[in-house]
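A short worksheet on the structure shown next.
So that the names make sense, note that chain A is the first sequence line, chain B the second, and so on, each numbered from 1. Please read all numbers here as calculations on a predicted model, not as lab measurements.
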Protein chains: 2
Amino acid sequence: MSRAEQKERTRRAIINAAFSQLSADKSFASLSLREVAREAGIAPTSFYRHFADMDELGLTLVDEAGLMLRQLMRQARQRIEKNGSVIRTSIETFMEFVTGNSNVFRLLLRERSGTSAAFRGAVAREIQHFVAELAEYLRKETICPDELARAQAEAMVILVFHAGADALDAPPEQYSYLTSRTITQLRWLTHGAAGSGRKPKG
Amino acid sequence: MSRAEQKERTRRAIINAAFSQLSADKSFASLSLREVAREAGIAPTSFYRHFADMDELGLTLVDEAGLMLRQLMRQARQRIEKNGSVIRTSIETFMEFVTGNSNVFRLLLRERSGTSAAFRGAVAREIQHFVAELAEYLRKETICPDELARAQAEAMVILVFHAGADALDAPPEQYSYLTSRTITQLRWLTHGAAGSGRKPKG
DNA sequence: AGAATGAGCGAACAGTTGTAAGCTAAAGTG
DNA sequence: CACTTTAGCTTACAACTGTTCGCTCATTCT
């Protein structure tokens, strides 16, 4: 096996070890370098061959989580073309992601208000991707100033994220309630915004 | 000084020490018993005379934070009577609290999605007080099913909380923008909800 | 007065942590 | 082939952590 190949392999082992140790009871901040190294199957000091410190690993995790989120968006758009209902499909796709990759979502959720400014910034950037795409969509579908489209998109993303957070602590039989509640909230937003100076296009 | 009096005094010293160590870079989880004891001016072992462990202290902090929040609500209501504008006054009062007691707000913000289920539950309960009061208000002012009033109140509280979180990382000159953005979002919600089967009362 | 209580202390323990230094051995290079 | 590079290892250290134990001594109770 080539050297670079092997290096990449243990780098992934470290990343996977970190992800797998995240849980409802364990945040990234409470991971230790040694524990991660142990699970990755390397000596503690070998960790430094791949990351300068735990922060660098953390930022990598946030990046990867953001990537997954964006792939999710693409998947949602495909579903929308077949399905029709934009809001419902988007939320359902998102809820599936949250419940299926809860550790990944938890990372974003926690580091959004965590103790590292760098982490908070990284998460905020990932979320802004969401907001920007949604705002773009709103601008296409309606006639309204950029500023308002953005404020609307932000509100929507916040509400959806929060529904995801609720789902983490809720029993599965409540998922459909959380979904429909969020749909209602988002419809209120769109209707309210449409009534305040915005017009449906065409 | 009486015994009970003195005990209460050092108990407060511990609580205050814990609050004062919370900051943008230090979450409750990263506080150590020894550090807190040091700042409170007692030996590490004396801590146990007042709390069984750090978790018990943490729950106390959350309780106190919730108390401050409810006092804030009362203060807001007084202002509303003089001022008139419900939404604007509420949000402005809240933003003042957030910027003036940022460590307290940060505690709630972080433990809401933290690693301890007990903490998450405690914070959720405090926030539900907010939601319940607001939902009650909405029911009085409008005719709508309890269920919808609650969903609307929840959405509003989420958006206001999020604005507070944004303020923590924003320079002060952006506070007024954050406030007005949130006002817009809340007005959309009320208008949208009013349009969907709800009617203004009287 | 005398006994009981209990807040606070110092010393000590076992466990963990991050990280530095220096070695080995395999892969890459000329 | 000899030479360099480097991922990974072992050992080691100093700094912390939470917690147990047994003591003191001022307050409180009888």
*For C:dC9, take OP1 and OP2 only and decide whether either is under 4.0 Å from a side-chain N or O of B:S46.*
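Answer yes for this pair, as a side-chain N or O of B:S46 is under 4.0 Å from OP1 or OP2.
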*Under 4.0 angstrom between A:T10 side-chain N/O and D:dG8 OP1 or OP2*: yes
Measure from [atom1] on [X] to [atom2] on [N] and round the result to the nearest Å.
{"X": "B:R49", "N": "D:dC25", "atom1": "CZ", "atom2": "P", "value": "16 Å"}
{"X": "B:I42", "N": "C:dG10", "atom1": "CD1", "atom2": "P", "value": "12 Å"}
{"X": "B:E5", "N": "D:dA26", "atom1": "CD", "atom2": "P", "value": "18 Å"}
{"X": "A:E56", "N": "C:dG18", "atom1": "CD", "atom2": "P", "value": "16 Å"}
{"X": "A:L31", "N": "C:dT16", "atom1": "CG", "atom2": "P", "value": "16 Å"}
{"X": "A:F51", "N": "C:dG18", "atom1": "CZ", "atom2": "C1'", "value": "17 Å"}
{"X": "A:R34", "N": "D:dT10", "atom1": "CZ", "atom2": "C1'", "value": "12 Å"}
{"X": "A:F47", "N": "C:dG18", "atom1": "CZ", "atom2": "P", "value": "9 Å"}

*asked:* At less than 3.5 Å, do the side-chain atoms of B:T45 and the base atoms of C:dG10 form a donor-acceptor pair?
replied: yes
*Can you find a donor-acceptor N/O pair under 3.5 angstrom joining the side chain of A:R3 to the base of C:dA26?*
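Counting by modelled atom types and ignoring angles, a donor-acceptor contact under 3.5 Å is found here.
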*Between A:E39 and A:S20, is any side-chain donor less than 3.5 angstrom from a side-chain acceptor?*
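A pair is found: one side chain offers a donor N or O, the other an acceptor, under 3.5 Å apart.
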Measure from the side-chain N and O atoms of [X] to the backbone N and O of [Y], and report whether any donor-acceptor pair falls under 3.5 Å.
{"X": "B:S102", "Y": "B:V98", "result": "no"}
{"X": "B:S30", "Y": "B:K26", "result": "no"}
{"X": "A:K7", "Y": "A:R49", "result": "yes"}

*Would B:R70 and B:E126 pass as an ion pair if we require N to O under 4.0 Å?*
yes
*For B:M54 and for A:Q6, find the nucleotide of DNA chain D with the closest heavy atom, then tell me which residue's nucleotide is more 5'.*
A:Q6
*Closest to the B:P44 side chain, choosing from C:dA7, D:dT19, D:dA7*: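 Looking only at side-chain atoms, B:P44 lies closest to D:dT19.
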*For the side chain of B:S32, starting at C-beta, report the closest nucleotide among D:dA7, D:dG18, C:dG18.*
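Closest of the options to the side chain of B:S32: D:dG18.
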